[in-house]
Amino acid sequence: MNAITYELLHIDKNSGARRGVIHTPHGDIQTPIFMPVGTQATVKAMTPEELKEEVKAQIILANTYHLFLRPGHNLVKEAGGLHKFMNWDRPILTDSGGFQVFSLGALRKIKEEGVEFRSHLDGSKKFISPEIAMEIEEALGADIIMAFDECCPYPSTYEYTKKSMERTTRWAARCKEAHKTVDKQGLFGIIQGGFFEDLREQSAKDLIAMDFPGYAIGGISVGEPKEEFLKMLKFTTPLMPDNKPRYLMGVGTPDYLIEAALAGIDMCDCVLPTRIARHGTAMTSHGKIVVRNATYERDFSPLDEECDCYTCKNYTKAYIRHLINTKEILGVRLLSIHNLRFLTKLMERVRIEIENDNLLNFRDEFYKNYGYTKE
RNA sequence: GGGCAGGUGGUCGAGUGGUUAAUGGCACCAGACUGUAAAUCUGGCCGCGAGAGCGUACGAUGGUUCGAAUCCAUCUCUGCCCA
């Protein structure tokens, strides 16, 4: 019996967007969904209570590579698993470390067997193979676990991308083979293939043959132009099974989230809202604003008049700017709450618009208000 | 009244005759950030100018010198010590 199942509720008649529910051991997830990232078993600056009450997050991410290094997966297991360790009782998804193959590019060596990392913390050698990734992810105990893959940089040559994608496929098979906790954790395969349609097609075909309970698109949103992003998104999503969750990895700007939903994606995650919060920027319904800028010195209005979050209900731009500029932790916290809530609320709206077969119109309206030009 | 030390761009502080409109830090002003090596990184920061450039600048004034923030004189201000 699969730990993860997908239930389709409605398809937007005017787009491919789908409204559904993902059933997990820690509860249901209404989709499409935005998932906050909590790499080191914490969504930076947020308590689990805030994530539930203020952000209204349904599921969060954590990271295999980072938790493997510190505090170590065995310690987390000893603590009773990630849920108990971090006091979060809703669903969790762990990324496999495949993104670190990309982001720590200078510090790792890829072999067929796996990836040898030089720890970004102390330079020591840390080896992760598909089997080790599974061992770590099973010890962490997330509801959804990702197969160990390689996220290719942009741009990459056809030859490299093909080689990498084929290796990722072999790794996926090894992950599936090594994965023992099938009834407790759903293992998702990750479609790679860079920006080459035939490679995406091949990757999708081979992974689907392995019958994972869910599928992700990896390796896009890695610095390519939006046009390229949309092209691959629209090409790859229809290749994915329609009776299983579809997860677009690493997507986080409001326009990308809407485009993803339009294409038929169910899940997205991104560090962007929390990162730019720490750097003094807020997403609002009228575009992003750098609150730390002098323009807001005497702006005694909320970040976003249309937002219902704790921050917007209680604090002004001028105050948040003051907190950010004086490097007070509260500034980071207030902006993080707001940015995360902005995206979860956006997705709540997206779900309603899908039910009303109106997501395309909403996209146009949103773009206009946000200040996005076109696609 | 006497002695000593010192006054540098928003600020702290380098620089002790020539690539010096003047090192750095901080503050300030902007930009970037998309499965987190990120509470980080990048750029700007005397005035005018798109730019080459021009004009003002190292307490004040005068001097030495081809050339001074840097040397000399006087004045002035600050700190410490003595009376």
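Order of the sequence lines sets the chain letters (A, B, ...), proteins ahead of strands, with each chain counted from 1.
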Starting from [atom2] on [N], measure out to [atom1] on [X] and report it in whole angstrom.
{"X": "F117(A)", "N": "U36(B)", "atom1": "CZ", "atom2": "C1'", "value": "14 Å"}
{"X": "K226(A)", "N": "U34(B)", "atom1": "NZ", "atom2": "P", "value": "16 Å"}
{"X": "D95(A)", "N": "G35(B)", "atom1": "CG", "atom2": "P", "value": "10 Å"}
{"X": "Q40(A)", "N": "G35(B)", "atom1": "CD", "atom2": "P", "value": "14 Å"}
{"X": "I217(A)", "N": "U34(B)", "atom1": "CD1", "atom2": "P", "value": "19 Å"}
{"X": "R275(A)", "N": "C33(B)", "atom1": "CZ", "atom2": "C1'", "value": "6 Å"}

Classify [X] by what it touches in the nucleic acid, base, sugar-phosphate, or nothing, heavy-atom distance under 4.0 Å.
{"X": "Q192(A)", "answer": "base"}
{"X": "Q100(A)", "answer": "sugar-phosphate"}
{"X": "L93(A)", "answer": "nothing"}
{"X": "L61(A)", "answer": "sugar-phosphate"}
{"X": "L107(A)", "answer": "base"}
{"X": "G219(A)", "answer": "base"}
{"X": "S119(A)", "answer": "nothing"}

Between C270(A) and V332(A), which has a closest nucleotide on RNA chain B that is more 5'?
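Counting from the 5' end, the first nearest nucleotide belongs to C270(A).
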Tabulate protein N/O versus nucleotide N/O from nucleotides 26-29 of chain B, keeping only pairs under 3.5 Å, one per line.
{"unit_1": "C29(B)", "atom_1": "OP1", "unit_2": "R321(A)", "atom_2": "NH2", "d": "3.3"}

Quick check on the 6.0 Å ring-centre criterion: do F127(A) and F117(A) meet it?
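F127(A) vs F117(A): aromatic centres not under 6.0 Å.
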Between F188(A) and Y215(A), does the ring centroid distance fall short of 6.0 Å?
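F188(A) vs Y215(A): aromatic centres not under 6.0 Å.
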If the [atom1] atom of [N] is compared with that of [M], how far apart are they to the nearest Å?
{"N": "A60(B)", "M": "G7(B)", "atom1": "C1'", "result": "12 Å"}
{"N": "U56(B)", "M": "A68(B)", "atom1": "P", "result": "14 Å"}
{"N": "C33(B)", "M": "G49(B)", "atom1": "P", "result": "31 Å"}
{"N": "G63(B)", "M": "G17(B)", "atom1": "C1'", "result": "15 Å"}
{"N": "C45(B)", "M": "A52(B)", "atom1": "P", "result": "12 Å"}
{"N": "C54(B)", "M": "A37(B)", "atom1": "P", "result": "50 Å"}
{"N": "U36(B)", "M": "C41(B)", "atom1": "C1'", "result": "14 Å"}
{"N": "U19(B)", "M": "C29(B)", "atom1": "P", "result": "33 Å"}

pair V115(A)-K109(A): side-chain heavy atoms closer than 4.5 Å:
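The answer is no; the side chains never approach within 4.5 Å.
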So, do H279(A) and U40(B) meet the stacking rule of ring centres under 5.5 Å and planes under 30°?
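Aromatic stack with U40(B) present for H279(A).
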Is the NZ or CZ atom of K345(A) both under 6.0 Å from the centre of the six-membered ring of F34(A) and within 45° of that ring's axis?
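Geometry flag: not set, cation outside 6.0 Å or 45°.
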Face-on cation placement of K176(A) at F212(A) ring, 6.0 Å and 45° thresholds
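Yes - K176(A) lies over the ring of F212(A), closer than 6.0 Å to its centre and within 45° of its axis.
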Closest approach to the side chain of [X], judged atom by atom: which nucleotide of [options] is it?
{"X": "T253(A)", "options": "U34(B), C33(B), G35(B)", "result": "U34(B)"}
{"X": "S221(A)", "options": "U34(B), C33(B), G35(B)", "result": "U34(B)"}
{"X": "K44(A)", "options": "A39(B), G35(B), C33(B)", "result": "A39(B)"}

Would you find a donor on one side and an acceptor on the other, under 3.5 Å apart, between the side chain of N63(A) and the backbone of Y65(A)?
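Judged by distance alone, yes, a pair lies under 3.5 Å.
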Check the pair N361(A), D364(A) against side chain to side chain donor-acceptor pair (under 3.5 Å), reporting the backbone distance first and the verdict last.
CA-CA 5 Å; N361(A) 290 332; D364(A) 294 344; over 6 Å; no
Quick one: does D149(A) reach the base of G35(B) with a side-chain donor-acceptor pair under 3.5 Å?
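Under the 3.5 Å cut-off, the side chain and the base do form a donor-acceptor pair.
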We want to know whether [X] and [Y] form a side-chain donor-acceptor pair, criterion being a heavy-atom distance below 3.5 angstrom.
{"X": "D206(A)", "Y": "Q202(A)", "result": "yes"}
{"X": "H179(A)", "Y": "E138(A)", "result": "yes"}
{"X": "T5(A)", "Y": "N2(A)", "result": "no"}

Who does [N] pair with, Watson-Crick or G-U, both distances under 3.5 Å?
{"N": "G17(B)", "result": "none"}
{"N": "A69(B)", "result": "none"}
{"N": "U56(B)", "result": "none"}
{"N": "A5(B)", "result": "U78(B)"}
{"N": "A83(B)", "result": "none"}
{"N": "A22(B)", "result": "none"}
{"N": "G43(B)", "result": "C29(B)"}

S103(A) side chain near A37(B) phosphate (N/O to OP1/OP2, under 4.0 Å):
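Indeed, a polar side-chain atom of S103(A) lies that close.
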